[in-house]
Every structure is written in structure tokens, then in C-alpha cells.
Chemist: 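This is the structure I want to talk about, given as C-alpha cells.
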Amino acid sequence: MQSTSAAKNLIINNEINIDESKKHLTNLHENSQGYITVASKNPSYSQWHYKKDDLLDRTEDIINDINAYVSQNTFYKPQRRIENIKELRAVYIDIDCYNSKYTKEAVQYFLENDLYGHKIPRPNYLIDSGRGLYYVILIKPVPSMAMPLWYAVQRYLYNILKPFGADANALDPTRVLRIVGTLNSKSGTCVEVLDEYDYEYSLREIQEGFLPEIAEKKKSKGRPKKMVSLFTEYSLYYSRIMDITKVCELRDYDVEGHREVILFLYRYFSACFTEDTEEALSRALELNAMFRKPLPENEVIRDTKSATRAYENKLYKYTNARLIQILDIDATEQRSLTSIIGTKEKYRRNNERRTPRNEKGLTKKQQETEDLKAKIIELKNKDKSIREIAEILGVSKSRVGRLVKI
């Protein structure tokens, strides 16, 4: 293996790598609206956040670093967290061939001859990451609300590619992958594109082509298929994560008295959603750091450790009523949440959906009453009597009298 300094000189002197990096980053984040995370591990881990134009302007500086990475998706703000996802722009699998019995060349052969078009879509990029492969599909950007479907597709691709060394711990939407044209210090080689496919997929197109049972779940009777059940679980776990974060935001992160239970639940639901206990702990520590009064890090690790056991043993099935109780979520807060809501809030939302309202928040009947009242006031200002107003508008005198008093 080449030394770090020698390898770095190789990158700096190789102009074609800069061009390939720019092309890769442009294709990956063309028209991106959010923040893009760039990371480096040389030797310690550091990360930065850029908007697209700034990222492309700094490409040459970025690839002068060894082990440079970029997020595949974007964020609302410069924090690489699940709840900050703005655009889902790619689905991807990190294939660690060295953890399987196959070489990179063998995996590429099986992908191209046995799997593409039959089991999985042909990717936009098949990348030699140094010691393994990246399978990357670029999709039309979708908002974070599509996360459960996005993750169901991720899990499907992982299950297909698992025999070839697919990494179960690299499925989260905040993942960073190596940038084409940069150096992998472990292998001493440049990250390069092995196969490129110029086509823009949609997430729904992939689902309809390879996971049609998800779309059919409402029509089918009997026990749902495994992937449908997983999709439903992903939806719930993601909603729980977002709601717990929202509660913290609504309280301006002043959550003293609830810190331990919030962090436990956040770590638990994050583990359930990502199926990565280390990532769940890391996210819980980041959330703790955002509190007005954070807990000591060792306390967070110790006091939420049972969340991992609960996830591994599927110990808890928290009801909405239980979550509302232990987090002391009031009716006003529930209006801002997605899934942690009580019966009254559920009925309120159902009534809103059943009763269409205009931009003023009024039902058709309420708007008609407001319009009638405005006409009555206009006629009254013209010195018309209640009897005359009733005759002109074709309504009863008693109704005119009631609206005049309102």
C-alpha cells in the first residue's frame, strides 16, 4: 500500500480526478436545494456543509483530502440528522465484497448478468470504492415524507445484495459515501466509476417495478406480506422519531425533567428505524447536545443502554396514550405532531378532513353565513329595516335579527 503522503501527491498531480469528481458531484446534486455534507477522515473524522454552488466551487480543495466523502441526500440545515432531511436524491448500497466470498469483478459480473432488470434496477453508478463497490441509483428528488418508502426500497436492495457483502449499517439516509476521484488510503487506490447509466428513476417507479405489494396493500385481504409489514413499521418508527424531535423544538429544547425518557425513546425508535444500534446512540448523543441543559455523555450512554436491548428483543410497543403520558404532551403540542396524538386530536383531524374548508378555515356553510352577514350590514348602513332586508335577501326576519346581533 502507498504511504499517505505519496498517495496524496498522486491525487494532487492527477487532474483527471478533479474533472471526474466535479462530474460525479454535479450529477449527484444537480439542482439540489439543501445543504450537502462533505466529510474527511484523515486521520480523524471532520465534516462540513455546503450548498451546491459552493460545493462545486470548492471541489478541487475537497479532493486534495484523502478519504473524502459526500452525502447522497440533502438537509434543511447544516446538521447531518435524519429529521433534517430535505431531499431524498438517491438510494444506495455499500457492498463490502471483502466480507463475502466474491471478488469485486465477480460481483459486477453477477449484477450485470443475473440481477439488473430482474431483481434490481441497473444503477446510475457502480463505483469501485477501493475495497468494495457502491451501487447508487439517482432518483427524482422527493421530500422527507417519502422516507418510509425510500427505506423500504433500501431494505429490499440490501436483501438482494446481502450475499455479496452489502453493509447493513450503511442504509440510513444521512450516509456519506466516498467521492469519485479521491483516494482510499486503505486500498491505496482512487475511487472510480466502473459503470454509468444515464437515466433518472423515480422512487415510485422502483417501488412499482420491484415492490408492487406495497401499492397493493390496501386492496389485499388476509395477512400482509413481509415487506408490506416492514413498510408500515418504517412509517411508524420514522413518525415517532420526527414527533419526539418536534416536541423538543416546541419546548425550545428546555426539556429538563424529561431528558432521560426523551433520549431513551429517541435511541429506541432510531434503532428500530435504521436497524443500526451504533448510529442510534450517536444520534441520541447529538440530540442531547442540543438540549438547554445536556446530560453528561456517559450518563446518556448508561441511562439509554436498555434501548438497545429493547430493540433487539422487541420488548416495547408504545401506545400513543402511553407516550403522551410519559412525555406530558398537551393538546396544543399534539396539533404539531404526526403520530403521537390522542383521541380528541384524532377526531378533530378526521372532522377537518370530512368537512372541506376554504383558505380562511371556514366550511361552506360558515362562509355563506359570513357573506350573508356582510350583505345585511351593508343594507343596514343604508338605513334599511329588518323587514326590508329580509325581503331583499329572501331570508326570515328572525335570521336577519340574529345576524345583526352577532
Chemist: Considering residues at least two apart in sequence or located in another chain, which fulfil the ring pair (Phe, Tyr, Trp, His ring centres under 6.0 Å) criterion with Tyr201?
Modeler: Tyr199

Chemist: Give a yes-or-no answer on whether the side chains of Arg175 and Asn169 include a donor-acceptor pair shorter than 3.5 Å.
Modeler: no

Chemist: How would you list all residue pairs meeting salt bridge (charged side-chain N to carboxylate O under 4.0 Å, His left out) that involve residues 88-101, not counting sequence neighbours?
Modeler: Glu87-Arg89

Chemist: Name all pairs fulfilling the salt bridge (charged side-chain N to carboxylate O under 4.0 Å, His left out) condition that reach into residues 33-53, sequence neighbours left out, sorted by first residue then second.
Modeler: none

Chemist: Would you please name every residue forming a salt bridge (charged side-chain N to carboxylate O under 4.0 Å, His left out) with Arg81, sequence neighbours left out?
Modeler: Glu83, Glu286

Chemist: Which residues pass the salt bridge (charged side-chain N to carboxylate O under 4.0 Å, His left out) test with Lys22, sequence neighbours left out?
Modeler: none

Chemist: Flag the pair Arg204 and Glu208 as a salt bridge only when some basic side-chain nitrogen lies within less than 4.0 angstrom of an acidic carboxylate oxygen.
Modeler: no

Chemist: Decide, yes or no, whether a salt bridge links Arg348 with Glu345 under the criterion of side-chain N to carboxylate O below 4.0 Å.
Modeler: yes

Chemist: My understanding is that only residues two or more places apart in sequence, or in another chain, count here; which of them pass ring pair (Phe, Tyr, Trp, His ring centres under 6.0 Å) with Tyr268?
Modeler: none

Chemist: Quick one: side chains of residues 130-147, donor-acceptor pairs under 3.5 Å with protein atoms, not counting sequence neighbours, listed by atom name and distance.
Modeler:
from	atom 1	to	atom 2	distance (Å)
Tyr134	OH	Arg178	N	3.1
Tyr135	OH	Pro121	O	2.4

Chemist: Show me the donor-acceptor pairs within less than 3.5 Å that the side chains of residues 292-303 make with the rest of the protein, sequence neighbours left out.
Modeler:
from	atom 1	to	atom 2	distance (Å)
Arg292	NE	Asp252	O	3.4
Arg292	NH2	Asp252	OD2	2.4
Lys293	NZ	Glu256	OE1	3.3

Chemist: Please collect all side-chain hydrogen bond (donor to acceptor under 3.5 Å, both in side chains) contacts where either partner lies in residues 111-120, sequence neighbours excluded, each pair once.
Modeler: Gln108-Glu112

Chemist: Quick one: list whatever passes ring pair (Phe, Tyr, Trp, His ring centres under 6.0 Å) with Tyr76, sequence neighbours left out.
Modeler: none

Chemist: Looking at residues at least two apart in the chain, or sitting in another chain, which of them share a ring pair (Phe, Tyr, Trp, His ring centres under 6.0 Å) with His24?
Modeler: Tyr125

Chemist: Who passes salt bridge (charged side-chain N to carboxylate O under 4.0 Å, His left out) against Lys162, sequence neighbours left out?
Modeler: none

